[in-house]
Amino acid sequence: MFSSELVNDPFGDPGVYVEFRYRNQAALFDLGDLYSMPPRKLLKISHIFVSHTHMDHFIGFDHLLRILLGRDKSLSLFGPPGFVKNVESKIAAYTWNLVENYSNDFELLVTEIHPDHRMTRRYRCKEAFRPEIMDDSEGLDGAIVDGNFFAVKGVFLDHKIPCLAYSLKEKQRINIKRNCLEEMGLPVGAWLAELKESILNGDPDDTPVGVWRKNGGKEVPEKILPLGELKGKIVKITPGQKIAYVTDAAYSEENTRRVVELARMSDQLFIESCFLEEDADKAAKKYHLTAAQAGSLARRAGAKRMTTFHFSPKYKSCGGLLIDEAVNAFNGELKPGVNNNIIPFSGDLFQGQPD
């Protein structure tokens, strides 16, 4: 189970923080200004998914690097073509002649995604962040991360440069049936988190699970039961939550198709709403969405909930209009303009992009 929230208000730098409850882990979509986030939250981040490296989506890299230096931690970052060079340029802006004396070793695992291949480089603090080739493999087939607990998919959108949109889905949701727990005379406690992790790991049914009870502030072992028995009696497994993150995309036919497919049946869709529909021509020139277009896409995707962000500062005194327009379109009470202000997809999206 996870919770998700905007890093800043809708007029601030884009970003969504996703916290995995009970796991002391989090993911981040985009790396804009992070100063509003307390270090305790930043320290939980294990994965970062960057849409593109315009300043408002990437300027937070330095702040996060400063927080994580001197800690034993591995951080995985993913981004579009040119991403490895962007990260290396950030790192090269600093001098690293004394980091070999650190007792801890912080590392970055940076993956650059292309339609036909991906490349991963490792940068270790103790090695002065010199690049190490980790992997060069097949490209974007939709799957960016496929772990035991969650999976992340991505699609390329046209922002006059390649821009990645993402969806994150937990593999399954594990709920504890409290009434059954009480019937078996079992206590609540940290052992339930270990039980859930064992299920998510796909451990066999005969795996022993320790039941612990708190006594005087200490965890005291009570009994050991097989995983299969506990799964059958106190656990309810349901489909996992899904969120989608879409920002900086023109309202083209191809972008529309890709967004709807990526965000289909999401529990929560975070989607940019930069301009009002009356300024659709300006939105098209800047390769952004209007609020009406955002709401319409959320409706077509069948999203359960929608959160809009990345508002243009020109609406600073009337941000509520953007929200109202997006909600009206989401509810089917408003549609984008007669010609939908759809611009053609630029087929040469990746032409001239760095390898």
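There is a path of hydrophobic side-chain contacts, each under 4.5 Å, that joins Ile176 to Leu227. Transitive grouping of hydrophobic side chains (ILVMFWY, heavy atoms separated by less than 4.5 Å) brings Leu75 and Trp96 into a common cluster. There is no path of hydrophobic side-chain contacts, each under 4.5 Å, that joins Leu109 to Phe129. Hydrophobic clustering keeps Met265 apart from Leu269 (ILVMFWY residues linked when any side-chain heavy atoms are closer than 4.5 Å, directly or through intermediates). Under a hydrophobic-cluster definition in which Ile, Leu, Val, Met, Phe, Trp and Tyr are linked whenever side-chain heavy atoms come within less than 4.5 Å, directly or via other members, Leu225 and Trp212 are assigned to the same cluster.
Here the rule is ring-ring contact (aromatic ring centres under 6.0 Å, His included) with Phe83, and of Phe78, Phe49, Phe58 only Phe58 fits it. Exactly one residue among His57, His54, His52 makes a side-chain hydrogen bond (donor to acceptor under 3.5 Å, both in side chains) with Asp30. That residue is His57.
Counting heavy atoms from C-beta outward, Val152 and Ser167 have side chains that stay 4.5 Å or more apart. Side-chain atoms of Gln293 and Glu277, non-hydrogen and from C-beta on, do get closer than 4.5 Å to each other. Annotation: side chain of Phe149 is in contact with side chain of Arg23 (closest heavy-atom distance under 4.5 Å). Contact of the Ile224 side chain with the Val209 side chain is not registered, since no non-hydrogen atoms from C-beta on lie closer than 4.5 Å. Between Leu6 and Asp9 there is no side-chain heavy-atom pair separated by less than 4.5 Å. Put simply, the side chain of Lys177 does not reach to within 4.5 Å of the side chain of Val235, judged on heavy atoms. With a 4.5 Å cut-off on side-chain heavy atoms, Ser273 and Phe309 do not count as touching. The closest side-chain heavy-atom distance from His310 to Asp56 is below 4.5 Å.
Nearest heavy atom pair, residue Ser4 against residue Val16, reads CB-CG1, 4.3 Å. Shown here for Gln241 and Phe2, the closest heavy-atom pair between the two residues is OE1-O, 3.2 Å. The shortest non-hydrogen separation linking Thr247 to Ser51 is CG2-OG, 3.8 Å. In this structure, Tyr166 and Val50 approach most closely via the heavy-atom pair OH-O, 2.7 Å. The nearest pair of heavy atoms linking Ile144 to Gly154 is CG1-N, 3.8 Å. Residues Ala326 and Thr308 come closest through the heavy atom pair CB-CG2, 3.7 Å.
Open room surrounds CZ on Arg66; 12 or fewer heavy atoms of other groups in view lie less than 6.0 Å from it. Heavy-atom contacts from other residues, nucleotides or ligands closer than 6.0 Å to CE of Met184 number more than 12. Remark: Lys286 NZ is loosely packed, at most 12 non-hydrogen atoms of other residues, nucleotides or ligands lying under 6.0 Å away.
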Query raised in the report: Does the pair Asn8 and Asp13 meet the rule for a side-chain hydrogen bond (donor to acceptor under 3.5 Å, both in side chains), with working shown?
Result: CA-CA 6 Å; Asn8 300 300; Asp13 284 356; 5.4 Å; no

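Classified by interplanar angle (parallel below 30°, tilted 30° to 60°, perpendicular above 60°), the ring pair His288/Phe275 is tilted. Ring geometry for Tyr35 versus His63: interplanar angle of 30 to 60°, hence tilted.
Side chain of Asp146 to backbone of Ala151: no donor-acceptor contact under 3.5 angstrom is found. At distances below 3.5 Å, at least one donor-acceptor pair connects side-chain atoms of Ser36 with backbone N or O atoms of Val7. The main-chain N or O of Asn104 is never found under 3.5 Å from a side-chain atom of Asp72 such that the two would form a donor-acceptor pair. One N or O on the side chain of Thr256 and one on the backbone of Ser252 form a donor-acceptor pair closer than 3.5 Å. With Lys73 contributing its side chain and Leu108 its backbone, the two residues share no donor-acceptor pair below 3.5 Å.
Residues forming a side chain to side chain contact (heavy atoms under 4.5 Å, CB included) with Arg178 (at least two apart in sequence, or on another chain): Leu181, Val188. For Lys285, the side chain to side chain contact (heavy atoms under 4.5 Å, CB included) criterion is met by no residue, not counting sequence neighbours. Not a single side chain to side chain donor-acceptor pair (under 3.5 Å) links Asn97 to another residue, sequence neighbours left out.
A donor-acceptor contact closer than 3.5 angstrom links the side chains of Thr111 and Thr120. Under the 3.5 Å distance criterion, with hydrogens and angles disregarded, no donor-acceptor pair is assigned to the side chains of Asp158 and Asn255. Side-chain contact, Asn201 with Asn148: a donor N or O sits under 3.5 Å from an acceptor N or O.
Applying the ring-ring contact (aromatic ring centres under 6.0 Å, His included) rule to pairs touching residues 182-210 yields nothing, sequence neighbours excluded.
With respect to the salt-bridge test (charged N to carboxylate O, under 4.0 angstrom), the residues Glu5 and Lys41 qualify. The residues Lys314 and Asp279 are annotated as salt-bridged, a charged nitrogen and a carboxylate oxygen being separated by less than 4.0 angstrom. Between Arg122 and Glu107, at least one side-chain nitrogen of the basic residue sits less than 4.0 Å from a carboxylate oxygen of the acidic one, meeting the salt-bridge criterion. With respect to the salt-bridge test (charged N to carboxylate O, under 4.0 angstrom), the residues Asp248 and Lys160 do not qualify. The pair Glu253-Arg257 fails the salt-bridge criterion, with no side-chain N (NZ, NE, NH1 or NH2) lying under 4.0 Å from an Asp/Glu carboxylate O. In summary, Lys44 and Glu19 engage in a salt bridge, as defined by a charged side-chain N under 4.0 Å from a carboxylate O. No salt bridge links Lys242 with Glu170; every basic N to acidic carboxylate O contact stays at or beyond 4.0 Å. A salt bridge links Arg130 to Glu127: one of the charged nitrogens lies within less than 4.0 Å of a carboxylate oxygen.
For the atom pair CG (Leu230) and NZ (Lys196), the distance works out to 13.0 Å, reported to the nearest 0.5 Å. Taking SG of Cys318 as the start and CZ of Phe311 as the end, the distance is 10.5 Å to the nearest 0.5 Å. Separating the CD1 atom in Ile174 from the CG atom in Leu192 is a distance of 11.0 Å, to the nearest 0.5 Å. Separating the NE2 atom in His159 from the CG atom in Leu289 is a distance of 10.0 Å, to the nearest 0.5 Å. Taken from OH in Tyr245 to CZ in Phe270, the straight-line distance is 9.5 Å, to the nearest 0.5 Å. Between atom CZ of residue Phe20 and atom CD of residue Gln25 there is a gap of 5.5 Å, rounded to the nearest 0.5 Å.
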Taking distance alone, no hydrogens or angles, what donor-acceptor pairs closer than 3.5 Å link side-chain atoms of residues 295-305 to residues at least two apart or in another chain?
from   : atom 1 : to     : atom 2 : distance (Å)
Arg299 : NH1    : Phe330 : O      : 3.2
Arg299 : NH1    : Asn331 : O      : 3.3
Lys304 : NZ     : Asp267 : OD1    : 3.2
Arg305 : NE     : Gln268 : OE1    : 3.3
Arg305 : NH2    : Asp267 : O      : 3.4

Extract all donor-acceptor atom pairs below 3.5 Å that involve side chains of residues 87-94 and protein atoms in other chains or at least two apart in sequence.
from  : atom 1 : to     : atom 2 : distance (Å)
Glu88 : OE2    : Tyr123 : OH     : 2.7
Ser89 : OG     : Lys85  : O      : 2.9
Lys90 : NZ     : Asp62  : OD1    : 2.9
Tyr94 : OH     : Asp62  : OD2    : 2.5

